[in-house]
Protein chains: 2
Amino acid sequence: MKKKILNEVLQALDIKATKSRMELIEIILGSNDHMSIDDILNKVRKSKSNIGIATVYRTLKLLEDHNFIVKHVFKNNTIVYENTFDKAHHHHLIDINDGHVVEYENVDLEKLIHSIADQLGYELTGHSIELYGRKKVK
Amino acid sequence: MKKKILNEVLQALDIKATKSRMELIEIILGSNDHMSIDDILNKVRKSKSNIGIATVYRTLKLLEDHNFIVKHVFKNNTIVYENTFDKAHHHHLIDINDGHVVEYENVDLEKLIHSIADQLGYELTGHSIELYGRKKVK
DNA sequence: ATATTTGCAAACAGTTTGCGCTACG
DNA sequence: CGTAGCGCAAACTGTTTGCAAATAT
């Protein structure tokens, strides 16, 4: 991960740059993938430094509160943390066979949900749109 | 709740019609609302009969497995069970102020997500679409 | 009669918290 | 140095499980 990002994150959070935190941010924001807690804990355990589980959770919360990551609870009961740093708005399609996450953008979809909320008398403040599917054979 | 429904459920599940189960099905499917576990447990505690928590969870699982209810985990970390018995396909808009759930149907939305999945090379097998919003003032 | 289902309590998984020690600024 | 942050272990929450007793068929 670029040092620039690391600095930006630390600055935004306005916190001490401890060894544990630096390493955790590296692990969590270093990947562009969607990681489960287990993925993260495994990487943490593998690392030399002795980072406690509590610190992992505390750091995740910190990053989540500041919108650097988003926690997704999918219907198949899997929970993943997604690095949203520098990412454009998008949605997810989850492969029901291997759990793999496909990202996509779609302007029409955005327009449509805004208009639906509007028609219901609501101002849309957020949304969670997840598609589940299996790869087409052909 | 109509006895007809109760019978249909029991028959579909192919289980013994015990006193606890009857009462639980009554509580869970009797309401057209979205109930949290606490809502359910409170109703259970209020009732005369001495139903154990374990039985509540076991019955919920039973109903969920047979698609009489759907468990929703919303972004605000609230979990609700929705009675889907005899219900048309629909989606949800969650009021971020009071947690109230608005249901809606939208054909265009269905079409659009099918076409999106298709374009990504997937056959759509399921989806979860939740809008979050606040009531418009005017 | 007998196989299911129950309530209970203990077990469990995931996460959070209290605390005295550590190390950043 | 003083305090934010640490790792640890204990606590907590929500859910599941094992079991002997109860009950529907």
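What you see is a predicted model, and the numbers here were worked out from it, not measured in a lab. Here is the naming used below: chain letters follow the sequence lines, and residue numbers restart at 1 for every chain.
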Take the protein atom CG of Leu13(B) and the nucleotide atom C1' of dT4(C), then report the distance between them rounded to whole Å. 14 Å
Apply side-chain contact (heavy atoms from CB on, under 4.5 Å) to Leu124(A) and Asp118(A), showing your working. CA-CA 7 Å; Leu124(A) 193 68; Asp118(A) 192 66; over 6 Å; no
Closest nucleotide of DNA chain D for Ile53(A) versus for Lys16(B): which of these residues is on the 5' side? Ile53(A)
From NZ of Lys19(A) over to C1' of dA23(C), roughly how many Å is that when rounded to an integer? 11 Å
Angle between ring planes, His72(A) versus His92(A), binned at 30° and 60°: parallel, tilted or perpendicular? perpendicular
Tell me whether the count of non-hydrogen atoms from other residues, nucleotides or ligands lying under 6.0 Å of NZ in Lys19(B) goes above 12. no
When rounded to whole Å, the CG to P distance for the pair Asp38(A) and dT15(C) reads 9 Å
Checking dG25(C), dG14(D), dC6(D) against the side chain of Arg58(A) (C-beta onward), the nearest is dC6(D)
Can you tell me how far C1' of dC6(D) sits from CD1 of Ile25(A), to the nearest Å? 15 Å
Should the heavy atoms of other residues, nucleotides or ligands under 6.0 Å from NZ of Lys61(A) be counted, would the total exceed 12? no
In whole angstroms, the gap separating P of dG14(C) from CG of Leu60(A) amounts to 15 Å
Looking only at side-chain atoms of Asn50(A), point me to the closest of dC8(D), dA4(D), dT15(D). dC8(D)
Nearest to the side chain of Ile79(B), heavy atoms from C-beta on, is which of dT15(C), dT15(D), dG7(D)? dT15(D)
May I have the distance from Ile15(A) (atom CD1) to dA23(C) (atom P), rounded to whole angstrom? 18 Å
In this structure, how many angstroms lie between the P atom of dA22(D) and the CD1 atom of Ile51(B), rounded? 18 Å
Any side-chain N or O of Ser20(A) below 4.0 angstrom from OP1/OP2 of dG7(D)? yes
Closest to the Ala54(A) side chain: dC8(D), dT6(C), dC6(D)? dC8(D)
Answer yes or no: does a side-chain N or O of Tyr57(A) lie under 4.0 Å from OP1 or OP2 of dT16(C)? no
Roughly, in whole Å, what's the span from CE in Met22(A) to P in dA4(D)? 20 Å
OP1 or OP2 of dC24(C) under 4.0 Å from side-chain N/O of Thr18(A): no
Taking OP1 and OP2 of dT23(D), is either one under 4.0 Å from a side-chain nitrogen or oxygen of Arg21(B)? no
Taking everything shown except Lys111(A) itself, do over 12 heavy atoms lie less than 6.0 Å from its NZ? no
